[in-house]
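Note: hydrogens, waters and symmetry copies are ignored here, and every other heavy atom, side chains too, is used. Numbering of ligands and ligand atoms starts at 1, following listing order.
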Amino acid sequence: MKQARQLTPVKGFSKLSREAKTEWLISHYAKDPVKGHELLESYRHADPAVQRLHDEFIENTLTNYYLPFGIAPNFLIDGDLYALPMAIEESSVVAAASKAANFWLERGGFHTEIISTTKIGHVHFYWMGADPEVLRKKVADFVPAFEAATDRITANMRARGGGIISIQLVDKTELEKGYFQLAVKFDTRDSMGANFINSCLEAIAESLQQEMASAHDLSEQDRQVEVIMRILSNFTPECLVRASVSCPVDAIEEGSGIGNAAFAERFVRAVRIAEIEPYRAVTHNKGIMNGIDAVVIATGNDFRAVEACAHAYAARNGQYGSLTHAKIEDGVFHFWIDMPLSLGTVGGITSLHPMVKFALEILGQPSAEKLMRICAVAGLAQNFSALRSLVTTGIQKGHMKMHLLNILNQLEATDEEKARIVEYFKDKVVSHQAAVEIFCQIRGIHAEQLATRKH
Ligand code: MEV
């Protein structure tokens, strides 16, 4: 019987050296201490300077965590050719992106349009005065003070053409007694701008409290402002890009045998289902995010922010729906995505992480707007490939083909066995069961022996 582990909380962990942290972790949690140490050590970078960067990105770093970094070439975007860097573990994503890129390369490529680049943050506060008009007037009067309070923080951003766009009072008292916001809109140029926005909001909140406290024309009660939070919003519906593709239905030459018109109609219906049916929409959008997240991660951006925003945007009308849309008009197939994307190509880890720097280099050192365009295209391409398979052959054919090597690696197949099995499946549909069967046959073992061997 397994012994229950005796665990006690650790104090002051972050102050320990990396070696001591590793020792503590291994001695408390690892099954095999020698293997545990070897593993953590082997994933550290050979160059101490590079490793140091990683160590300092977060607290308590022990080692690194690898993801494959792949490339999807042949993306024709607004007339320029790109090779998209993608960091992702899911077998079929890069292959699907590349397939869509090649398909649209021959049909005019992807087109994009930046709709807006405004970001937003809020000072959330409570004010219990009787007349909101009093507060509204005061806030309007205080705007120059807010600007002065943020003057030093915004100087560099203003020099680059960005900064604070507007500061507005929002009355939320219908939802919650006394709840107001200062909604502050920003242009953060090529930076994602989270730190910049939060610093501005903290300065504005302090200024609001000071100005209100010294507004002696107000009653004692009306001078009281209780600031609850000052924080950017990751919901950025006004930081929006559109990516689209189109071609005559006759030029689709889809190749599955169902015919161009039937394919195009089925495709539009598949998108329609995702527009109206949340169960489908979540999976549909997940596939879009396969492409977007992979580029977002490769370029050192905050994929949690991008994800949170994408799904909030997909539900902005009160029901969760598709991020992409499609139609056939006058014999032309149109497919597009409207995607809120708050991204940066300066700041954060963009100039620190060696692979991020390289990813940005191969994208031609894009501006934040250019990266928005590229990421939206990655999402649209991914969705195109997924729907193309879904409405024809199904996704398992392509997906399992890409997943085959994972199955064979789980079975600890040799290189020679892998080569034979990949060859075997060239003209067959891969399934886990079929892969195990052929593996056992080649090895000359029974499936039961496999189970015994593995456990
Ligand atoms: C798998 O990661 C993503 C898909 O399920 C997306 C979709 O169904 O549209 C293939």
Strictly by modelled atom types, are Ser342 and Asn234 linked by a side-chain donor-acceptor pair under 3.5 Å? no
Near Ala386, which atoms of ligand 1 are under 4.0 Å from a heavy atom of that residue? 9 (O)
How far is atom 3 (C) of ligand 1 from its nearest protein heavy atom, and which residue and atom name does that atom have? Asn290 ND2, 3.6 Å
Report, as yes or no, whether the 6.0 Å neighbourhood of atom CG on Asn60 holds more than 12 heavy atoms from other residues, nucleotides or ligands. yes
At what distance is the nearest protein heavy atom to atom 5 (O) of ligand 1, and which residue and atom is it? Thr283 CG2, 3.6 Å
Closest to atom 10 (C) of ligand 1 among protein heavy atoms sits Ile395 CD1, 3.8 Å
Give me the residue, atom name and distance of the protein heavy atom closest to atom 1 (C) of ligand 1. Glu90 OE2, 3.4 Å
Please report the C-alpha distance between His111 and Trp104 in whole Å, then the side-chain angles of each, then the deciding distance to 0.1 Å, and finally whether the side chain to side chain contact (heavy atoms under 4.5 Å, CB included) criterion is met. CA-CA 11 Å; His111 301 278; Trp104 287 105; over 6 Å; no
Side-chain donor-acceptor contact under 3.5 Å, Ser322 with Thr324: yes
Atoms in ligand 1 flagged as close to His284, the criterion being non-hydrogen separation under 4.0 Å: 9 (O)
Pair Asp78, Thr112: side-chain N/O donor-acceptor within cut-off below 3.5 Å: yes
I'd like to know if the side chain of Asn409 reaches the main chain of Leu405, judged simply by a donor and an acceptor atom lying under 3.5 Å from each other, with no hydrogens or angles considered. yes
among protein heavy atoms, the one nearest atom 8 (O) of ligand 1 is Arg280 NH1, 2.9 Å
If the cut-off is 4.0 Å to any non-hydrogen atom of Leu390, which atoms of ligand 1 fall inside it? 7 (C), 8 (O), 9 (O)
Within ligand 1, which atoms have a heavy atom of Lys286 less than 4.0 Å away? 1 (C), 2 (O)
Exercise: identify the closest heavy-atom pair between Thr117 and Glu369: CG2-OE2, 3.6 Å
